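Read through the structure below, which is laid out as structure tokens, and then see the notes.
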Amino acid sequence: MEIGIAQQAKAASRVSGDAHLVLERGRYVVVALADGLGSGEKAAHSARLAVQGVAELATEALQDILTYCHYSILAAGGVGVMMAILRLDPGTRGFEFSGVGNIRFQAHSREPIQPIVRYGYLGVRLPSLHVYRFSYTPGDVFVLHTDGISTRFHLHNHLAELREGAQSLAERILGQYGKEHDDATVIVVRT
């Protein structure tokens with residue numbers, strides 16, 4: 001598995017309000033992406049709380065992880081956070097996905113993979129959560145990104161570039177579609 005990450009803070013800001021996590025825990029590879037509301041230190045602190053919660057509970061049910069993150073942010077008096085979790089099991093070639101807010105997930109796969117992220121914000125009002133389960137084939141590519149990436153980005157328009165390494169593709173997406181007026185993070189996972 002190959003993972004690439006590209007991130008930038010909004011113009012004139014020292015701190016990105018986005019946070020991410022990639023870790024191997026047990027049989028899983030866990031990828032989390034969080035976007036704190038607004039920008040700057042308060043947004044960054046809340047986003048870091050969210051990914052810290054994922055690290056602490058990485059092998060628990062995704063609904064439980066998101067609920068834990070919600071209450072952690074709420075207890076700390078943080079700002080709302082949009083977040084998505086992708087948890088892959090290379091042994092079974094399966095994965096789970098769940099999210100809250102406007103984190104986008106795109107996939108290039110032989111099978112249709114189109115999970116829906118629930119509207120809402122962790123740390124403000126927890127929506128009903130849904131976990132999607134899919135199988136993947138080696139070579140599939142998944143992209144998670146914050147709303148700092150333009151909605152003009154569609155993975156199917158970059159199929160020729162899928163042969164590039166995951167890091168190169170993440171940097172290309174950020175460079176071509178990143179908004180200067182918002183924090184932006186892209187995570188590319190090549191199975």
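Everything numeric in this text was worked out from a predicted model, so none of it was measured.
No side-chain N or O of Asp183 forms a donor-acceptor pair with one of Ser39 less than 3.5 Å apart.
Glu111 has its side chain out of reach of Ser135: every pair of non-hydrogen atoms, C-beta onward, lies at least 4.5 Å apart. Using a 4.5 Å heavy-atom cutoff, the side chains of Glu180 and Lys10 are not in contact. Annotation: side chain of Tyr121 is in contact with side chain of Leu37 (closest heavy-atom distance under 4.5 Å). Side-chain contact check for Pro90 versus Val29: some heavy-atom pair is nearer than 4.5 Å.
Val186 and Ile103 fall into different hydrophobic clusters, where Ile, Leu, Val, Met, Phe, Trp and Tyr are joined by side-chain heavy atoms under 4.5 Å apart, directly or via other members. The hydrophobic cluster containing Val143 does not contain Ile3, counting ILVMFWY residues as joined when their side-chain heavy atoms lie under 4.5 angstrom apart, directly or transitively. Residues Val54 and Leu57 are members of one and the same hydrophobic cluster, defined by side-chain heavy-atom contacts under 4.5 angstrom among Ile, Leu, Val, Met, Phe, Trp and Tyr. Under the 4.5 Å side-chain heavy-atom criterion for grouping Ile, Leu, Val, Met, Phe, Trp and Tyr, Leu88 is not connected to Leu62 through any hydrophobic cluster. Tracing side-chain contacts under 4.5 Å through hydrophobic residues (I, L, V, M, F, W, Y), one never reaches Ile85 starting from Tyr119; they form parts of separate clusters.
A donor-acceptor pair under 3.5 Å links the side-chain atoms of Ser46 to the main chain of Val79, judged by distance alone. Proximity of a side-chain donor or acceptor of Thr191 to a complementary backbone N or O of Thr137 within less than 3.5 Å is detected. The closest donor-acceptor contact from the side chain of Gln106 to the backbone of Leu155 lies under 3.5 Å. When atom types are taken as modelled, the side chain of Ser98 and the backbone of His130 share a donor-acceptor pair closer than 3.5 angstrom.
Residue pairs satisfying the ring pair (Phe, Tyr, Trp, His ring centres under 6.0 Å) criterion with at least one member in residues 31-67, sequence neighbours excluded, are absent. Here ring pair (Phe, Tyr, Trp, His ring centres under 6.0 Å) pairs that include residues 164-188, with residues two or more places apart or in two chains, are Phe153-Tyr177, His158-Tyr177. For residues 65-90, no residue pair satisfies the ring pair (Phe, Tyr, Trp, His ring centres under 6.0 Å) rule, not counting sequence neighbours. The ring pair (Phe, Tyr, Trp, His ring centres under 6.0 Å) analysis of residues 87-113, with sequence neighbours excluded, yields the pairs Phe95-Phe134, Phe95-Phe142, Phe97-Phe105, Phe105-Phe142.
Residue Leu33 is tested with Val22, Val51, Ile5, Ile187 for a side chain to side chain contact (heavy atoms under 4.5 Å, CB included); the sole match is Ile187. Results of the side chain to side chain donor-acceptor pair (under 3.5 Å) test with Asn102 over Thr151, Thr146, Asp147 single out Asp147 as the only residue that passes. Screening Glu2, Glu161, Arg163 for a side chain to side chain contact (heavy atoms under 4.5 Å, CB included) involving Leu169 leaves a single residue, Glu161.
Put simply, CD1 on Ile173 and OG on Ser150 are 12.0 Å apart, with the number rounded to the nearest 0.5 Å. In this structure, CZ in Arg25 is found 11.0 Å from CZ in Arg87, a value given to the nearest 0.5 Å. The CD atom of Glu56 sits 6.5 Å away from the OG atom of Ser72 when rounded to the nearest 0.5 Å. In this structure, the separation between CD on Gln63 and CD1 on Ile65 is 9.0 Å, given to the nearest 0.5 Å. Remark: Gln176 CD to Asn157 CG distance equals 9.5 Å, nearest 0.5 Å. From Leu122, atom CG reaches atom CD1 of Ile73 across 5.0 Å, with rounding to the nearest 0.5 Å.
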Inset, instruction - Apply salt bridge (charged side-chain N to carboxylate O under 4.0 Å, His left out) to Glu41 and Arg48, showing your working. - result: CA-CA 10 Å; Glu41 193 50 51; Arg48 286 192 302 265; 2.7 Å; yes
Inset, instruction - Could you walk me through whether Val100 and Met83 pass side chain to side chain contact (heavy atoms under 4.5 Å, CB included), step by step? - result: CA-CA 5 Å; Val100 174; Met83 183 166 158; 5.5 Å; no
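The two atoms that bring Ala50 and Val81 nearest to each other are CB-CG1, 4.0 Å, heavy atoms only. The shortest heavy-atom contact between Ala6 and Ala170 is CB-O, 3.5 Å. Heavy atoms only, all atoms of each residue included: Gly17 and Ala47 are closest at O-CB, 3.4 Å. Minimum interatomic distance between Ala44 and Ser16 (heavy atoms only, all atoms of both residues): CB-O, 3.2 Å. Nearest heavy atom pair, residue Leu174 against residue Ala184, reads CD1-CB, 3.6 Å. For the residue pair Ile149 and Thr185, the shortest heavy atom distance occurs at CG1-O, 4.2 Å.
Partners of Arg93 according to the side-chain contact (heavy atoms from CB on, under 4.5 Å) rule, which considers only residues two or more places apart in sequence or in another chain, are Tyr136, Pro138. Arg133 is linked by a side chain to side chain donor-acceptor pair (under 3.5 Å) to Glu96, counting only residues two or more places apart in sequence or in another chain.
The neighbour count for Ile116 CD1, taken as heavy atoms of other residues, nucleotides or ligands under 6.0 Å away, does not exceed 12. More than 12 non-hydrogen atoms from other residues, nucleotides or ligands lie less than 6.0 angstrom from NZ of Lys179.
Under the 4.0 Å criterion applied to side-chain N and carboxylate O atoms, Arg27 and Asp89 are assigned as salt-bridge partners.
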